[in-house]
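First up is the structure itself, then whatever we jot down about it.
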Amino acid sequence: MKRISFKYHHFLWRFMGDLGLQDFFGNYAHKEGVFVERKALQSNYLPDSLPHREEQITQIANILAPSLRRGRPSNVFIYGKTGTGKTHTTNHVVHNLVVAAKEHKVPIKSIYVNCKLKRLADTEYRLVAQLIRECGGTIAATGLPTDEVYKAFFEIVEEQKGLVLLILDEVDQLVKKAGDEILYNLVRVNEELKHSQIVLLGISNDLVFVDTIDPRVRSSLSEEEVVFPPYNAFQLQDILRKRSELAFKKDVVQQGVVEKCAAYAAREHGDARRALELMRVSAEIAERNNHDLVKLEHIDQAEEKIERDRVVDIINAQPKQSQATLYSIMLSSKKEKRNISTGEVYDAYKSLATQAGLRPLTQRRISDILSELDMLGIISTRIISKGRYGRTSEISLAIPAPIFEKTEHLLAEGLALS
DNA sequence: CGAGATTCATGTGAAGTATACCTTTAGGCTTAA
DNA sequence: AAGCCTAAAGGTATACTTCACATGAATCTCGTA
């Protein structure tokens, strides 16, 4: 599709516009679907109420409340596994705070950055640059001294003449990659700022994360801590029901679907995001198959689709060299069913790279790429020593077989034809 | 037979290099008074 | 003379390479029972 020239595309569009498209859209609009409000199940949807998180809401609210009297609240550290509502709850509270502040004419601004997003905020420089962008400023993507970027950011903060709430989602990812100096620097800023103050709200999936950072930073970063326990199956059911009521028409969800979605997600440490996604994708599958009832079997299909999409997204986001590495793992693991060693992967990679017109990287670099892929959960590596015959990582794909086929095709296309 | 030394294939840390990009500065050119 | 553009100089972040050392259990060596 992407190879279709503009002219041809244009022609196609007009052709369809005249004959088929109107009908198509017309049918689509009148078609009986299961959704009323699809958005209500999407992961970025912010519901008005967050059930079973009342305690955390009051905790955070209490911590941040002094800001309304122009005091400086403590920095907060928020823990919890993925999908326990950390991000939503925090944003919910902060949003309400900002609204209240506006009413009372107290200057408060909030900045939200997700540190996990690759190439956006995974180094010190990029994080600060992203912070500036969030404030509406512009900054060069590279080339500036880091101090300079900090300075630019401070100036923007200073201009606010008030409180700035800095929400750093998934800080643990950032610190793991870029070190804890960033946090130290941000904390240190407060001493230099005259008219403004910064409050850090760190959100982390990693429960032991705080123990790994510099004690100086630790004491100032986690002045207050809030823990988000996982939802249990009943709470998940409750959440799912509430959202389904918003999202679906009446009586389109088969008995037991909610329970099954909740059970799946509860198995994965109570991940509500996953439960909701499962629900939404199941319904989409049902809808696409022209069913007006979301059935249990759709959930299984949905689960596979979600996993596949996740893998495909990750792979597409990878640079060419990582893709080549992954592809060579796939090729060699297909040849031999046992786990593969680093050396084998590197050999396969070298020939593949030259074949695809890439400059082969060194083994050192491939080793790093492998551990990155491991972190992404696409492969799994385990260092083993084979005694007299050296030490190596046992590498295996962490992708289920049916998804494997699709992605392999994708990689082959992306590499060989470029 | 068993304790310690060897050995292999690679993991891993540190330092160096190439590239791409940034700002500043200086010089040359144009323009307007 | 002032203003603007361009190119070189000087600087940085990032991705990668080079170098060097660390690892850890199967195997080897050699002393001992």
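Each chain gets a letter, A, B and so on, in the order the sequences are listed, and its residues count up from 1. This one's a predicted model, so the numbers in the text were calculated from it and none came from an experiment.
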Exercise. Any ion pair linking A:E277 and A:R273 (charged N to carboxylate O, less than 4.0 Å)?
Worked result: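 No.
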Problem set entry | Pair A:R241 + A:E259, salt bridge at N-O below 4.0 Å | yes
Please give, in whole Å, the distance from [N] [atom2] to [X] [atom1]?
X: A:E124; N: C:dT12; atom1: CD; atom2: P; value: 14 Å
X: A:I366; N: C:dA15; atom1: CD1; atom2: P; value: 15 Å
X: A:Y150; N: C:dA13; atom1: OH; atom2: C1'; value: 14 Å
X: A:D368; N: C:dC16; atom1: CG; atom2: P; value: 10 Å
X: A:R364; N: B:dG11; atom1: CZ; atom2: C1'; value: 8 Å
X: A:Q363; N: C:dT17; atom1: CD; atom2: P; value: 12 Å
X: A:Y349; N: C:dC16; atom1: OH; atom2: C1'; value: 11 Å
X: A:K320; N: C:dC16; atom1: NZ; atom2: P; value: 13 Å

Look at the side-chain N and O atoms of [X] and state whether any lies under 4.0 Å from the OP1 or OP2 oxygen of [N].
X: A:R365; N: C:dT14; value: no
X: A:R359; N: C:dC16; value: no
X: A:T342; N: B:dA9; value: no

For this session: For A:K242, check salt bridge (charged side-chain N to carboxylate O under 4.0 Å, His left out) against everything at least two apart and list the hits.
Result: A:D238
Problem set entry | Test ring-ring contact (aromatic ring centres under 6.0 Å, His included) applied to A:F228 - qualifying residues, sequence neighbours left out |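 Not a single residue meets the ring-ring contact (aromatic ring centres under 6.0 Å, His included) criterion with A:F228.
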For this session: List in numerical order all residues of residues 385-394 of chain A for which some heavy atom is under 4.0 Å away from an atom belonging to DNA chain B.
Result: A:G387, A:R388, A:Y389, A:G390, A:R391, A:T392, A:S393
Exercise. Among A:R267, A:R310, A:K260, A:R308, which one satisfies salt bridge (Lys or Arg N to Asp or Glu O under 4.0 Å) with A:E303?
Worked result: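 Only match with A:E303 under salt bridge (Lys or Arg N to Asp or Glu O under 4.0 Å): A:R267.
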For this session: Describe the nucleic acid contact of A:T123 in one word from base, sugar-phosphate, nothing, applying a heavy-atom distance below 4.0 Å.
Result: sugar-phosphate
Exercise. Are the side chain of A:E54 and the backbone N or O of A:H52 linked by a donor-acceptor pair below 3.5 Å?
Worked result: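 Pair found, side chain donor or acceptor close to backbone of A:H52.
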Exercise. Nearest to the side chain of A:S341 - C:dA13, C:dT17, B:dT10?
Worked result: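 So the nucleotide nearest the side chain must be B:dT10.
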Exercise. Say you draw a straight line from OG1 of A:T342 to CD of A:E394; how long is it, rounded to the nearest 0.5 Å?
Worked result: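 Between A:T342 OG1 and A:E394 CD, I get 10.0 Å after rounding to 0.5 Å.
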